[in-house]
Amino acid sequence: MTKKHVALLFGGNSSEHDVSKRSAQNFYDAIIATGKYDVTVFAIAQNGFFLDPESSKRVLALEDEQPIVDTFMASIDQMDPLARINALRNGGDFDIFFPVVHGNLGEDGTLQGLFKLLNKPYVGAPLRGHAVSFDKALTKELLTLNGIRNTKYVVVDQQTAQNWTWDQVVAEFGDVVFVKAANQGSSVGISRATNAEEFSAALLDSFQYDYKVLIEQAVKGPQELEVGVIGNDEPLVSEIGAHTVPNQGDGDGWYDYKNKFVDNSEVQFEIPAKLSAKVTQEVKEMALNAYKVLNLRGEARMDFLLDENNVPYLGEPNTLPGFTNMSLFKRLWDYSNISNAQLVDLLITYGFEEFEKNTQLSYQFVALGTEKVGKFN
Ligand SMILES: Nc1ncnc2c1ncn2[C@@H]1O[C@H](COP(=O)(O)OP(=O)(O)O)[C@@H](O)[C@H]1O
Ligand SMILES: [Mg+2]
């Protein structure tokens, strides 16, 4: 049987560029380990240009990236309107795209739009699933509409934000809130505010990243839970993992950028999370329901905040979960005895299935030419 050809994309222009390399290394090894696929890699540089496969392989191997990008940029016609994606011509014909680009481009639906234009199968959720899940306001609106518990919130723009004095915020949400740019990730554009000064600084910070900002009730002393979901129409849910950051229980600690990426040596992980059977079941059900209402396919990680009374709130979906050696998404499947090779084989199979299913949809329309039109009176 001829091997299917996978195009693995990684990097991108988000703060998770380097995390993506580590995720992509593990995915690459796992895809090779299946013995069923050939893989060509494409790095997306921080400037948004796709690099050729040879350069991309060196970037994946963690060679110093900047000189590789500089050489590549000097070798191409940057004025070519398709210069950014031209490198895709240099890898042969692919059967499926496997995006491992966290954050912007990868997780907001942009790349999925490109795959759709190219009429190729791809791993993971469709454009709309990514796009709504990347927007924290749209996500919460959809969750709320479908009765999936999430923290109380309001969405503001520059104008309506001025209606919210700190006293009003406290009256509505309590004396600790999170302020978040709607379309961001990695805890960038997010602050925890406990007084008027912090609140105005938080708004200023968030509005740097988006015109739409959320003010959100804080879950006090939360336990953070993560659960993996894979599949299409009948998705599978992993066991639940937990992590706690320093001072989170009774202090002001939260999973900020530093705790996530700069130094997470003090973050404590637990697999499986020690939860009652009731909470375990509720979290898994909420994760599966959210997967459905957010139009997700292929893979996702659902994050939860568990309050002091063991009530779970859906925190956020992640439609391109990290797959580094530290990533709970990877470790949860390890724990569930699904090897990395089995996991990627499933993800690729779901991608082909989804593409196949979509080809059954009708795109027929009645050709116009002799149409009858209404009259304006
Ligand atoms: N309502 C909340 N209550 C308590 N902690 C929160 C709340 N919202 C966010 N956090 C903290 O901020 C972190 C980042 O928020 P999240 O909504 O997951 O955004 P991101 O997309 O940046 O990961 C969470 O992991 C958690 O530590
Ligand atoms: Mg998060």
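Read the numbers this way: they start at 1 and go in the same order the structure lists the ligands and their atoms. Just so we're clear, the structure is a prediction, and the values are computed from it rather than from any experiment. Reckoned from all heavy atoms, side chains included, excluding hydrogens, waters and symmetry mates.
- Of the protein's non-hydrogen atoms, Ser187 N, 2.5 Å is the one closest to atom 22 (O) of ligand 1.
- For ligand 1 and Gln217, the ligand atoms under 4.0 Å from any heavy atom of the residue are 1 (N), 2 (C).
- One finds a salt bridge joining Lys274 and Glu270 here, because a Lys/Arg side-chain nitrogen approaches an Asp/Glu carboxylate oxygen to under 4.0 Å.
- Among the heteroatoms counted here (N, O or S) of Glu316, OE2 is the one nearest to the Mg ion (ligand 2).
- Between Phe323 and Phe27, the ring-plane angle classifies as parallel under the 30° and 60° cut-offs.
- Shown in contact with Glu224 at under 4.0 Å from a heavy atom are these atoms of ligand 1, numbered in order with element: 24 (C), 25 (O), 26 (C), 27 (O).
- Looking at ligand 1, you'll find an N or O of Val219 within less than 3.5 Å of one of its N or O atoms.
- Remark: distances from the non-hydrogen atoms of Lys136 to ligand 1 include one below 4.0 Å.
- At a threshold of 4.0 Å, the pair Glu308-Lys220 does not count as salt-bridged, since none of the basic side-chain nitrogens sits closer than that to a carboxylate oxygen.
- Ligand 1 lies nowhere less than 4.0 angstrom from a heavy atom belonging to Asp303.
- Between Trp254 and ligand 1, a contact under 3.5 Å exists for no N or O pair.
- Of the heavy atoms in Ile190, only side-chain atoms (C-beta onward) come closer than 4.0 Å to ligand 1.
- Counted by atom type alone, Asp52 and Asn90 present zero donor-acceptor pairs between their side chains at under 3.5 Å.
- Remark: ligand 1 atoms within the under-4.0 Å shell around heavy atoms of Tyr255 are 13 (C), 25 (O), 27 (O).
- Residue Arg331 holds its CZ atom at 9.0 Å from CG of Asn325, rounded to the nearest 0.5 Å.
- Between Phe97 and Phe115, the two ring planes are parallel [angle under 30°; tilted spans 30° to 60°].
- Transitive grouping of hydrophobic side chains (ILVMFWY, heavy atoms separated by less than 4.5 Å) brings Val123 and Leu346 into a common cluster.
- Annotation: atom 17 (O) of ligand 1 to nearest protein heavy atom, Lys180 NZ, 2.7 Å.
- Ring geometry, Tyr255 versus His243: the interplanar angle falls from 30° to 60°, so the pair is classed tilted.
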Original post:
When you look at Arg192 and Glu198, which way does the salt bridge (charged side-chain N to carboxylate O under 4.0 Å, His left out) test go after all the steps?
Top reply: CA-CA 8 Å; Arg192 181 178 183 272; Glu198 287 175 0; 5.9 Å; no
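- Taking atom 5 (N) of ligand 1 as the reference point, the nearest protein heavy-atom neighbour is Phe178 CE1, 3.2 Å.
- For atom 18 (O) of ligand 1, the nearest non-hydrogen atom of the protein is Glu316 OE2, 2.9 Å.
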